[in-house]
Amino acid sequence: MLMILSASAQTGTMINVRGTITDIAGEPIIGANILIQGTSNGTVTDYDGNFVIQVPSNGVLEVSYIGYIQQIIPVNNRTTINIILLEDTELLEEVVVIGYGTVRKDDATGSVVAVDATTLNRGLATSPSELLAGKVAGLSIISSGGAPGASSNIRIRGGSSMSASNDPLIVIDGVPVDNTTSISGMSDPLSSINSNDIETFTVLKDASATAIYGSRASNGVIIITTKKGHSGKMKLSYNGNMSVSTRTGSVDVMDAPTFRNYVINSFGEGSQQALALGNTETDWQDVIFKTSLSTDHNISVSGSAGEHLPYRASLGYTNENGILKTSSLERYTGSLNLAPSFLDDHLRVQLNARGMYINNRFADHGAINSATQFDPTMPVYSETSSEYGNGYHMSLKTDGTPIDIALANPLAILEQKHDKSRVLRSIGNVQLDYKMHFLPELRANLNLGYDISKSEGDVIIEDNSPMSYTWGNYKEGWGDNRTYNQYKSNTLLDFYLNYANDFGAHRFDVMGGYSWQRFYNESENYYPNSPARAAETNEEFYREMNDYSTESYVISFFGRLNYSLLNRYLLTFTLRNDGSSRFSPDNKWGLFPSVAFAWKINEEGFMQDQRLFSDLKLRLGYGVTGQQNLGSGDYPWMGRYSYSQAGANYFFGDQMISLIRPVAYDENLKWEQTSTTNAGLDYGLLNNRISGAIDVYYRKTSDLLNTVGIAAGTNFSNQLLTNVGELVNKGIEFTVTGRPIVSKDLNWNLSYNITYNNNKITKLTITDDPNYVGVRFGGIDGGTGNNIAIHKVGYPAGSFYVYEQVYNDEGRPIEGVYVDQNADGAINEQDLIPYKNPSPDVFMGLSSQLSYKQWDFTFSLRSNIGNYAYNNIQSNRQSKNTTFDPSGWLKNRVNSATFTNFNAVQYQSSHYIQNASFLKMDNITLGYNFEKLFTQNQTGRLYMTVQNPFVLTKYDGLDPEFTNNGIDNNIYPHPRVFILGLSLNF
């Protein structure tokens with residue numbers, strides 16, 4: 001009715017209006033929107049920019065197109081109207097954050113991707129890293145599991161190291177965060193930032209973009225910029241949600257009737273095994289998992305106090321409960337930003353401070369492992385008058401005492417172990433940017449920053465609990481307890497000068513500076529007796545406390561030159577000289593250069609008459625970055641001592657003295673260096689209705705750290721960590737963003753990215769050694785000392801190392817029959833082969849945002865292809881011989897045990913290396929936007945989200961997405977989460 005009234009108010013006669021819409025260069029704009037003001041009637045321009053619309057003779061047209069300024073055109077009886085749209089200069093001047101400054105997106109020469117965090121579908125994103133999953137080509141984010149506050153494995157263009165860190169450098173508002181050691185009592189350091197406070201993510205991928213950070217940028221850089229204050233009236237915003245988390249499935253183990261039949265059929269009705277069966281039916285996975293409720297709230301206020309003091313402040317509260325009983329996270333966050341300016345805007349100040357207080361209750365993931373093995377014919381709680389186990393069922397000997405090698409009761413593991421932590425953390429900085437009065441093109445920038453955390457926690461196992469008899473040092477019914485404290489500080493000083501000016505067709509942007517950063521860490525661990533044991537032994541502690549403190553420094557000089565000729569030929573040269581205290585005086589300095597060239601092809605004269613490309617830029621770059629986070633402490637080049645293993649003591653009379661021993665070290669240890677060559681093409685089609693980029697890269701890490709054999713007696717060990725290896729990553733990235741529909745009421749954006757990455761080790765020893773197998777690692781559940789992974793020359797890092805299984809005509813694995821790789825007539829370690837690896841060959845992401853009037857519908861898909869997993873659940877639960885322990889208790893089997901029908905365990909069979917490729921819907925959201933709540937300026941949004949609604953995979957395990965080197969045993973599964981959220985703006 002309103003549309004009819006509005007249309008009838010335009011009393012002019014209906015006429016046909018024709019015309020053409022072009023840009024300022026005369027190029028037609030395809031798909032521009034023309035609406036009759038006050039109605040929903042309209043049309044769009046065709047391939048030549050032409051349109052025809054029936055409109056009242058005295059009507060008004062609204063003409064719009066993304067990237068251009070909207071125009072209001074009165075018809076005034078005209079039948080022909082040709083319109084020229086002007087580009088939106090704010091969009092043209094869009095900048096991206098890079099190291100120590102910003103650059104116009106159009107002028108970037110490196111592989112840089114900016115993501116607007118305010119447009120992302122948040123879901124239940126406790127950690128900011130979850131927001132980026134699947135959004136950026138070349139960026140792989142794999143969650144370690146579904147626990148509250150769980151960390152993620154973040155990789156940019158594959159891993160560049162075997163022994164050192166592969167984590168990218170994280171920079172928050174100009175402060176590089178310390179990711180060399182974890183924060184005690186906190187799973188994910190990034191969860192200290194409330195995702196509602198984030199404005200943008202910028203991912204620096206190639207060495208041209210990252211080399212300005214030198215020694216810490218070999219794994220790429222992620223820059224997080226938080227929301228700032230703004231001029232104008234005060235604005236108040238609220239974002240909150242409530243959620244329900246549910247389990248998506250369970251490990252396919254036998255239920256009680258099936259297990260009872262399996263045991264009787266396998267061993268006989270009167271056997272020891274059959275006699276050990278219980279009389280109840282328990283689904284242990286149902287016992288330890290639950291449906292959980294969570295909530296998250298954030299309120300922010302922003303505006304300007306007077307004309308020169310923009311501000312923004314926020315408070316947040318998160319209460320996340322896991323689907324595994326006793327797992328929870330409670331978090332309080334606060335942030336403050338002040339952005340005053342002085343001296344007629346010549347001096348700009350940014351002050352950022354954010355704090356977090358978090359309470360964690362960690363559930364022991366060993367309960368998941370135990371639940372998939374515990375006898376389903378046994379009860380949860382003791383049905384006897386046993387004095388052991390605090391009322392929980394546990395395996396007992398014939399004399400009624402606990403069996404010390406039995407499995408612990410899964411529910412008791414959760415309820416009788418109290419692993420709690422409290423963490424305080426604050427990150428902040430003050431940044432002064434002064435534009436010289438005598439030379440406005442010259443700026444001085446000083447950044448003083450800090451990242452400080454303090455954590456404390458207790459791990460208490462109750463006396464007389466089932467674990468106190470089956471875990472720990474004593475197995476005598478006493479809790480094996482620990483109390484810990486940690487203090488970490490990361491302080492920063494950055495100063496640089498920047499000069500930028502145009503000289504005719506030339507533009508110079510020159511920057512040079514100095515950086516100083518100190519990392520300090522101190523920790524204490526105490527081992528108190530429980531009150532009952534302390535009273536009995538008269539000892540407060542059952543083990544000596546240990547404490548330590550450590551520090552490291554990085555001092556740097558850096559510079560960058562950006563040169564532009566005719567606004568179409570761009571050159572960037574970067575140089576950084578880093579000094580790290582982690583290396584000896586002879587090796588502490590590393591020089592990291594990079595150079596990049598870009599050509600704006602669409603700015604050339606021969607491109608002016610074409611209509612297809614609205615943007616076309618070629619990028620070429622080469623650079624070197626370093627790695628000083630070696631994973632071996634702050635003093636790896638120095639001779640030092642460590643405590644010997646437990647039991648290695650010396651007695652002076654009745655006094656037992658713990659021994660210390662020298663540690664092998666390499667005084668010539670030096671930087672791992674990664675060189676990257678990158679070629680890229682940025683493109684925009686049809687006035688940027690379609691845009692994206694293609695990148696091809698080659699990364700080579702030299703002086704790769706590896707532990708190699710050395711002559712016994714030469715360095716306190718027969719093995720030494722030293723620089724000997726080489727590792728190569730090469731790949732292709734493709735990104736496309738399309739806007740199929742752009743109109744007043746209906747809009748649709750689609751973004752897709754795909755990455756192919758090939759990883760290979762090319763060198764591991766000082767000299768070629770045909771007998772050198774490689775570096776074996778990856779311990780598994782079951783079989784002491786079994787390792788399932790290897791770093792080997794000619795193969796991807798972390799490949800699985802197994803025997804190649806032989807199958808019969810029915811496709812069943814033949815027990816103990818493997819391929820004799822060297823045809824010597826025997827199956828031994830010489831027949832082990834590298835077989836698949838846990839990293840995907842291809843990963844991709846798809847995001848869609850569809851809106852119609854006040855409604856919006858969004859979803860995010862993500863896929864990994866070519867990644868494999870070692871199904872340790874099956875390998876440890878498929879054999880008959882390990883079903884029964886001679887001490888008198890049974891272990892459950894997976895249902896697939898009847899398919900393989902193995903008598904003995906076959907831990908290193910390739911049968912258990914399974915394709916874990918997956919297609920995962922991260923989230924689906926339906927929302928409704930309220931344009932006017934009480935007044936014109938008050939808006940709101942109500943939305944419903946389903947997170948992790950489905951996963952498509954061939955993997956036999958519970959969840960194909962996890963870290964742990966691709967070994968599936970104690971994985972906390974990702975829940976399915978139903979979220980109801982509300983946003984309000986006043």
S.K.: Among side-chain atoms of Glu829 and Tyr801, is any donor-acceptor pair under 3.5 angstrom?
M.R.: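 Absent: no donor and acceptor within the cut-off.
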
S.K.: So Asp831 and Asn822, do their side chains get closer than 4.5 Å, heavy atoms only?
M.R.: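 Yes - at least one pair of side-chain heavy atoms lies under 4.5 Å apart.
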
S.K.: Closer than 3.5 angstrom, by distance alone: can the side chain of Asn166 be matched with the main-chain N or O of Ser160 as a donor-acceptor pair?
M.R.: yes

S.K.: If we count only N and O atoms by modelled type, under 3.5 Å, do the side chains of Asn901 and Lys880 hold a donor and an acceptor together?
M.R.: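 The criterion, which ignores hydrogens and geometry beyond distance, is satisfied for Lys880 and Asn901.
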
S.K.: Please round to the nearest 0.5 Å and tell me the distance separating atom CG of Asp480 and atom NZ of Lys475.
M.R.: 11.5 Å

S.K.: Do any pairs count as a ring pair (Phe, Tyr, Trp, His ring centres under 6.0 Å) and have a residue in residues 954-975, sequence neighbours left out, and if so which ones?
M.R.: His365-Tyr972

S.K.: Is any side-chain heavy atom of Val894 closer than 4.5 Å to a side-chain heavy atom of Gln878?
M.R.: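 Sidechains of Gln878 and Val894: in contact.
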
S.K.: Any luck finding a side-chain donor-acceptor pair between Ser879 and Asn881 under 3.5 Å?
M.R.: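 Per modelled atom types, Ser879 and Asn881 side chains form no pair under 3.5 Å.
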
S.K.: Keeping Ser863 on the side-chain end and Phe918 on the backbone end, is there a donor-acceptor pair under 3.5 Å?
M.R.: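 Flag set: sc Ser863 to bb Phe918 pair under 3.5 Å.
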
S.K.: Rounded to the nearest 0.5 Å, what's the gap from CG on Asp922 to CG on Leu861? Could you check?
M.R.: 8.0 Å

S.K.: Side-chain donor-acceptor pair under 3.5 Å between Ser910 and Gln805, yes or no?
M.R.: no

S.K.: State the NZ-OG1 distance between Lys920 and Thr953, to the nearest 0.5 angstrom.
M.R.: 11.0 Å

S.K.: If only side-chain N and O atoms count, and only distance matters, is there a donor-acceptor pair under 3.5 Å linking Ser144 with Thr963?
M.R.: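 Their side chains do not contain a donor-acceptor pair, so the 3.5 Å distance test is not met.
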
S.K.: What I want to check is whether the side chains of Gln874 and Gln914 have a donor and an acceptor closer together than 3.5 Å.
M.R.: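 Side-chain D/A pair, Gln874 to Gln914: present.
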
S.K.: Begin with the C-alpha distance, continue with both residues' side-chain angles, and end with the deciding distance and a verdict on salt bridge (charged side-chain N to carboxylate O under 4.0 Å, His left out) for Glu961 and Arg862.
M.R.: CA-CA 11 Å; Glu961 182 182 8; Arg862 182 163 49 91; 3.2 Å; yes

S.K.: Taking side chain as C-beta onward, heavy atoms only, is Tyr870 less than 4.5 Å from Tyr907?
M.R.: yes

S.K.: Roughly how far apart are Leu132 CG and Ser140 OG, rounded to 0.5 Å?
M.R.: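 That separation rounds to 12.0 Å.
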
S.K.: Please check if atom NZ in Lys700 has more than 12 non-hydrogen atoms from other residues, nucleotides or ligands closer than 6.0 Å.
M.R.: no

S.K.: Please check this pair: side chain of Asp375 against backbone of Lys891, looking for a donor-acceptor N/O pair closer than 3.5 Å.
M.R.: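 Looks like no, no N/O pair under 3.5 Å.
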
S.K.: Using modelled atom types and a 3.5 Å cut-off, is there a donor and acceptor pairing between side-chain atoms of Glu281 and backbone atoms of Pro257?
M.R.: no

S.K.: Side chains of Glu733 and Thr755: any donor to acceptor distance under 3.5 Å?
M.R.: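 Distance-only check fails for Thr755 and Glu733.
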
S.K.: Is there a side-chain contact between Asn757 and Asp841 (heavy atoms, below 4.5 Å)?
M.R.: no

S.K.: For Gln906 versus Tyr912, what's the shortest heavy-atom pair and its separation?
M.R.: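 Residues Gln906 and Tyr912, closest heavy atoms: O-CE1, 3.2 Å.
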
S.K.: Check whether any side-chain heavy atom of Thr326 lies under 4.5 Å from a side-chain heavy atom of Phe362, and answer yes or no.
M.R.: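 Side-chain contact under 4.5 Å: no.
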
S.K.: Kindly determine whether Leu324 and Ile368 satisfy side chain to side chain contact (heavy atoms under 4.5 Å, CB included), including the steps that lead there.
M.R.: CA-CA 9 Å; Leu324 183 62; Ile368 303 173; 4.1 Å; yes

S.K.: Quick one: do Leu890 and Gln273 satisfy side chain to side chain contact (heavy atoms under 4.5 Å, CB included)? Show the steps, please.
M.R.: CA-CA 7 Å; Leu890 292 162; Gln273 292 85 348; 4.3 Å; yes

S.K.: Nearest 0.5 Å, please: how far is CG in Asn970 from CD1 in Ile967?
M.R.: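 Going from the CD1 atom of Ile967 to the CG atom of Asn970 covers 11.0 Å.
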
S.K.: Just how far is it from atom OG of Ser327 to atom CG of Asp419, taken to the nearest 0.5 Å?
M.R.: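 It is 11.5 Å, given to the nearest 0.5 Å.
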
S.K.: Which is it for Leu139 and Ile154 under the side chain to side chain contact (heavy atoms under 4.5 Å, CB included) test, yes or no, and what are the steps along the way?
M.R.: CA-CA 7 Å; Leu139 175 64; Ile154 306 174; 3.8 Å; yes

S.K.: Return yes if some donor-acceptor pair links the side-chain N/O of Ser799 with the main-chain N/O of Pro796 below 3.5 Å, else return no.
M.R.: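 Flag set: sc Ser799 to bb Pro796 pair under 3.5 Å.
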
S.K.: Give a yes or no on whether the backbone of Ser887 and the side-chain of Asp885 come within a donor-acceptor separation of less than 3.5 Å.
M.R.: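 Here the side-chain-to-backbone pair exists.
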
S.K.: Walk me through it: do Asn895 and Val253 pass the test side chain to side chain contact (heavy atoms under 4.5 Å, CB included)?
M.R.: CA-CA 5 Å; Asn895 281 306; Val253 296; 5.8 Å; no

S.K.: Do Arg877 and Asp781 come close enough that some side-chain heavy atom pair is under 4.5 Å?
M.R.: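 Sidechains of Asp781 and Arg877: in contact.
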
S.K.: Parallel under 30°, tilted from 30 to 60°, perpendicular over 60°: which one fits the rings of Phe899 and His911?
M.R.: parallel

S.K.: Return yes if some donor-acceptor pair links the side-chain N/O of Asn723 with the main-chain N/O of Leu704 below 3.5 Å, else return no.
M.R.: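 The answer is no, because no donor-acceptor pair under 3.5 Å joins these two groups.
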
S.K.: Dump the intermediate steps for side-chain hydrogen bond (donor to acceptor under 3.5 Å, both in side chains) on Asn969 and Asn369, then the final yes or no.
M.R.: CA-CA 7 Å; Asn969 44 34; Asn369 188 316; 5.5 Å; no

S.K.: Would the distance check show the side chain of His791 and the main-chain N or O of Gly798 forming a donor-acceptor pair, the cut-off being under 3.5 Å?
M.R.: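 Yes, because the side chain of His791 sits within donor-acceptor range (under 3.5 Å) of the backbone of Gly798.
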
S.K.: Establish, from distance only, whether the side-chain atoms of Asp968 and Asn872 form a donor-acceptor pair under 3.5 Å.
M.R.: no

S.K.: For residues 796-817, pull every pair meeting salt bridge (Lys or Arg N to Asp or Glu O under 4.0 Å), keeping only residues two or more places apart or in separate chains.
M.R.: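 Sorted result for residues 796-817: Glu810-Arg812.
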
S.K.: For Ser917 and Asn864, test the side chains for any donor-to-acceptor distance below 3.5 angstrom and give the result as yes or no.
M.R.: no

S.K.: Determine whether Tyr392 and Glu415 satisfy the following criterion, side-chain hydrogen bond (donor to acceptor under 3.5 Å, both in side chains), listing intermediate values before the conclusion.
M.R.: CA-CA 10 Å; Tyr392 294 89; Glu415 295 183 344; 2.5 Å; yes

S.K.: With a cut-off of 6.0 Å (strictly less than), are more than 12 heavy atoms of other residues, nucleotides or ligands near CD of Gln821?
M.R.: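 Yes - once you tally the heavy atoms of other residues, nucleotides and ligands closer than 6.0 Å, there are more than 12.
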
S.K.: Can you name the closest pair of heavy atoms from Ala371 and Trp284 and give their distance?
M.R.: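 For Ala371 and Trp284, the tightest heavy-atom pair comes out as O-CB, 3.5 Å.
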
S.K.: Among side-chain atoms of Arg699 and Ser218, is any donor-acceptor pair under 3.5 angstrom?
M.R.: no

S.K.: Between Pro840 and Ile865, is there a side-chain heavy-atom distance shorter than 4.5 Å?
M.R.: no

S.K.: Can any side-chain N or O of Asn753 pair as donor or acceptor with the backbone N or O of Gly134 at less than 3.5 Å?
M.R.: yes

S.K.: Within the 4.5 Å heavy-atom criterion, are Thr248 and Asn948 side-chain neighbours or not?
M.R.: yes

S.K.: Can you see whether Ser702 engages Glu726 through a side-chain donor-acceptor pair at a distance of less than 3.5 angstrom?
M.R.: no

S.K.: As a quick check of understanding, evaluate side-chain hydrogen bond (donor to acceptor under 3.5 Å, both in side chains) for Thr258 and Asp255, giving each step before the final call.
M.R.: CA-CA 5 Å; Thr258 304; Asp255 60 18; 2.7 Å; yes

S.K.: Please confirm whether the backbone N or O of Gly966 pairs with a side-chain atom of Asn964, one donor and one acceptor, at under 3.5 Å?
M.R.: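 Not a single qualifying donor-acceptor pair exists.
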
S.K.: Side chains of Asn871 and Asp956: do they bring a donor and an acceptor to under 3.5 Å?
M.R.: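 Looking only at side-chain atoms, Asp956 and Asn871 do not form any donor-acceptor pair under 3.5 Å.
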
S.K.: Within a 6.0 Å radius of atom NZ on Lys730, are there more than 12 heavy atoms belonging to other residues, nucleotides or ligands?
M.R.: no

S.K.: With side-chain hydrogen bond (donor to acceptor under 3.5 Å, both in side chains) as the criterion, how do Ser152 and Ser143 come out once you've worked through the C-alpha distance, each side chain's angles and the decisive distance to 0.1 Å?
M.R.: CA-CA 4 Å; Ser152 295; Ser143 171; 4.6 Å; no

